[in-house]
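As structure tokens, the structure follows; a few thoughts come after it.
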Amino acid sequence: PRVGILISGRGSNMVSLAEAARADGFPAEVALVLSNVPGAGGLDRAEALGIATATVDHRAFKGDREAFERAMDEVLRLNQIDLVVLAGFMRIMTPWFVRRWEGRMINIHPSLLPLFKGTHTHRQALEAGVTEHGCSVHYVVPELDAGPVIKQAKVPVLPGDDEDTLAARVLVQEHLLYPLALADVASGRAALVDGTIVRR
Ligand code: GRF
């Protein structure tokens, strides 16, 4: 399948996915990197990797979320994208887009879901006093950060950790986890069927 990676910023997860997808036998091709932010750092990194890029600026749609998503969907369709991978994409999708891509759209969230949904997950973990934290790749469903989890990676929370040290430790694992999860999805090993993951 042809993968479209959606980003909003530096795109470090996009880079690790693009590099993993170059390996012989990887079951997907990264065909497009699409950003909602013009000039996002990840766009330059994608171009340096020889990947087609596009920008759909959400600000051009003045709060009409569905119009913005229809514009993104058009770009994905023109590039014959089969699978949408959200990687540091900072827009909440409406049910319209999610329903169109349900079962073919995944996201990485920097917590051990269902713990710590939403933003500032590392702060949430520190405030909760957990000793274990991590990241989750999940199918996207209309409810935020609530989709079935495909794969997770764990890290310890260490004494003296602050948000930055914890985020950095989690990010290392994100870069290892996401390519493995994408391979499971792209190969059909972890399919979403009636809201649950069927493993083959
Ligand atoms: C990462 O922490 C990821 O978990 C979240 O967005 C952050 C930035 O990701 N989804 P990236 O460096 O832009 O890939």
Side-chain angles (χ1 to χ4, degrees), residues 1 3-9 11 13-14 17 28 34-37 56 58-59 61-77 81-128 130 132-155 163 166-167 170-171 173-174 177-186 188-200:
V3 166
I5 302 179
L6 273 51
I7 66 166
S8 297
N13 274 289
M14 176 276 295
L17 289 163
L34 172 56
S35 174
N36 67 300
V37 175
V56 179
H58 65 277
R59 294 169 306 181
F61 297 87
K62 298 178 183 46
D64 183 343
R65 283 181 181 274
E66 199 165 302
F68 161 61
E69 292 176 359
R70 286 184 189 280
M72 278 200 302
D73 194 58
E74 176 71 4
V75 172
L76 294 169
R77 194 181 59 75
I81 298 303
D82 306 299
L83 199 53
V84 173
V85 173
L86 306 180
F89 186 71
M90 304 315 273
R91 301 293 293 170
I92 293 178
M93 306 295 224
T94 71
W96 177 82
F97 193 90
V98 174
R99 294 259 183 258
R100 275 181 65 75
W101 289 94
E102 200 146 10
R104 302 183 297 151
M105 177 160 59
I106 60 177
N107 180 45
I108 190 161
H109 181 78
S111 79
L112 293 176
L113 290 172
L115 291 174
F116 314 137
K117 298 177 181 178
T119 56
H120 305 297
T121 61
H122 311 301
R123 182 186 309 167
Q124 290 188 57
L126 290 168
E127 286 171 354
V130 295
E132 194 175 63
H133 187 39
C135 46
S136 307
V137 178
H138 62 94
Y139 276 100
V140 177
V141 297
E143 184 188 348
L144 187 66
D145 299 333
V149 171
I150 299 158
K151 246 185 202 320
Q152 295 187 305
K154 294 181 179 178
V155 299
E163 273 187 76
L166 189 51
V170 171
L171 193 62
Q173 293 305 315
E174 291 180 37
L177 179 72
Y178 220 167
L180 298 175
L182 174 57
D184 279 356
V185 169
R189 284 195 295 270
L192 184 68
V193 179
D194 297 330
T196 58
I197 291 176
V198 170
R199 295 194 188 273
R200 293 183 176 88

Looking only at heavy atoms, the pair that brings L17 and P179 closest together is CD2-N, 3.6 Å
Residues 190-200, side-chain donor-acceptor partners within the protein, below 3.5 Å, at least two apart:
unit_1: T196; atom_1: OG1; unit_2: V193; atom_2: O; d: 3.2
unit_1: R199; atom_1: NH2; unit_2: I150; atom_2: O; d: 2.9
unit_1: R200; atom_1: NH1; unit_2: G188; atom_2: O; d: 3.3

Taking the side chain as every heavy atom from C-beta outward, state whether I7 and F89 have any pair of such atoms under 4.5 Å apart. no
Within the distance-only criterion (no hydrogens, no angle test), does the side chain of [X] pair as donor or acceptor with the backbone N or O of [Y] below 3.5 angstrom?
X: E102; Y: P142; answer: no
X: S111; Y: T121; answer: no
X: D184; Y: R189; answer: no
X: E69; Y: T94; answer: yes
X: Q152; Y: L113; answer: yes
X: E174; Y: V137; answer: no

Atom pairs and distances, side-chain donor-acceptor, residues 61-68, under 3.5 Å, sequence neighbours left out:
unit_1: D64; atom_1: OD1; unit_2: E66; atom_2: N; d: 3.3
unit_1: D64; atom_1: OD1; unit_2: A67; atom_2: N; d: 3.1
unit_1: R65; atom_1: NH1; unit_2: I92; atom_2: O; d: 3.0
unit_1: E66; atom_1: OE2; unit_2: R70; atom_2: NH2; d: 2.8

Do other residues, nucleotides or ligands put more than 12 heavy atoms under 6.0 Å from the NZ atom of K117? yes
Are a donor atom and an acceptor atom from the side chains of H122 and H133 found within less than 3.5 Å of each other? yes
